[in-house]
Amino acid sequence: MVLLGAPGVGKGTQAALLAAELGACPLSTGDVFRAAKSCDSCGQSAVMQAALGFMRRGELVPDTTVLEIVRERVACLRCPGGFLLDGFPRTVPQARALAWILETEKLRLDAVLSYELPIEEIVARAVGRRNCPKCRKVYHLTAFPPKVEGICDVCGTALVLREDDKPETVRVRMKAYEKCTAPLAKYYRRAHLLVPIAARGSPDEIFHATLEALRNRPPPVHHH
Ligand code: AMP
């Protein structure tokens with residue numbers, strides 16, 4: 001499956017819940033870039049350094065770089081429990097490339113979960129988000145605060161505001177979303193894969209809405 005939706009809508013949280021429920025392999029291209037960023041000793045390539053510059057500014061990383069990263073992780077798509085793509089594809093060319101990769105691998109997309117929420121609510125969510133840089137657990141100042149302010153419940157590490165969750169960067173990311181990613185909903189609706197989900201409520205409520213939407217979706221249309 002693919003998880004679609006604006007930045008901050010809760011795709012990452014839902015991907016983790018779905019992965020546990022389905023035994024599927026989650027792949028987040030954003031996590032790949034963040035891991036590269038936090039790895040000082042990795043000797044980043046020029047291409048990766050450029051990618052991190054785009055990320056810092058809230059812009060989309062070029063399709064060629066993103067596709068290289070996904071191709072390197074194609075084994076993840078072959079997971080027997082299925083794959084969950086979070087934050088990829090983000091442009092129509094990326095979606096076409098994914099279709100081609102899946103065809104080559106004799107794999108198929110079952111559904112595209114489209115998490116929908118008005119943009120003002122999304123901005124509020126993104127700027128209140130706090131991440132654990134060590135174990136990657138995600139918190140929220142008001143909706144899901146840690147037990148001790150600023151400290152990860154799981155591993156005790158100090159929480160951070162993602163550089164690209166800063167308000168001015170969030171606005172740039174929303175523009176990129178509206179221009180490049182929002183058209184993907186139409187692309188996947190045409191392919192009869194789109195499963196819209198109202199992304200309002202607690203993570204648990206949204207998770208149940210997801211399972212419900214998957215159960216109730218019309219039978220798949222296969223093209224030959
Ligand atoms: P995310 O964690 O999915 O919000 O991604 C964080 C940032 O990584 C984005 O704002 C982009 O700069 C970059 N990024 C992640 N995935 C993609 C993608 N599929 N296409 C282009 N840029 C991406």
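We number each residue from 1, following the sequence as shown. In listed order, ligands and their atoms are each counted from 1. Computation of the quantities below employed the complete heavy-atom set of this structure, encompassing side-chain atoms and omitting hydrogens, waters and symmetry-equivalent molecules.
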List the closest protein heavy-atom neighbour of atom 16 (N) of ligand 1: residue, atom name, distance to the nearest 0.1 Å.
Thr29 OG1, 2.7 Å
To the closest 0.5 Å, what do you measure between CG (Asp31) and NZ (Lys37)?
12.0 Å
So if I count the atoms of ligand 1 from 1 in the order they appear, which ones are less than 4.0 Å from some heavy atom of Arg162?
1 (P), 2 (O), 4 (O), 6 (C)
Below 3.5 angstrom, do we get any N/O pair linking Pro7 and ligand 1?
no
Indicate whether the side chain of Ser114 and that of Glu116 have a donor and an acceptor atom separated by less than 3.5 Å.
yes
Donor-acceptor contact present, side-chain Arg73 to main-chain Val70, <3.5 Å:
no
Give a yes/no on whether the SG-to-SG distance for Cys155 versus Cys132 is below 2.5 Å.
no
Please say yes or no: joined through hydrophobic side-chain contacts below 4.5 Å, possibly via intermediate residues, are Met48 and Leu67 part of one cluster?
yes
Just jot down the ligand 1 atoms closer than 4.0 angstrom to any heavy atom of Glu59, in number order.
11 (C), 12 (O)
Kindly confirm or rule out an N or O of Pro89 lying under 3.5 angstrom from an N or O of ligand 1.
no
Side chain, backbone, both or neither: Asp86 near ligand 1, heavy atoms under 4.0 Å:
neither
side-chain contact (heavy atoms from CB on, under 4.5 Å) partner of Val66, the single match among Val61, Thr91, Leu60, Val32
Val61
Taking only non-hydrogen atoms of Val66 and a 4.0 Å limit, the atoms of ligand 1 in range are 18 (C), 19 (N), 20 (N), 21 (C)
Inter-residue atom distance Tyr187.OH - Leu184.CG, 0.5 Å rounding:
8.0 Å
Judged by non-hydrogen atoms, does Arg57 sit under 4.0 Å from ligand 1?
no
Should one rank Gln94, Arg90, Arg173, Met55 by closest heavy-atom distance to atom 5 (O) of ligand 1, which comes out on top?
Arg90
Qualifying ring pair (Phe, Tyr, Trp, His ring centres under 6.0 Å) pairs, either residue in residues 139-160, two or more places apart
Tyr139-Phe144
shortest atom 13 (C) of ligand 1-to-protein heavy-atom contact is with Val61 CG2, 3.8 Å
Does ligand 1 have any atom sitting under 4.0 Å from a heavy atom of Arg34?
yes
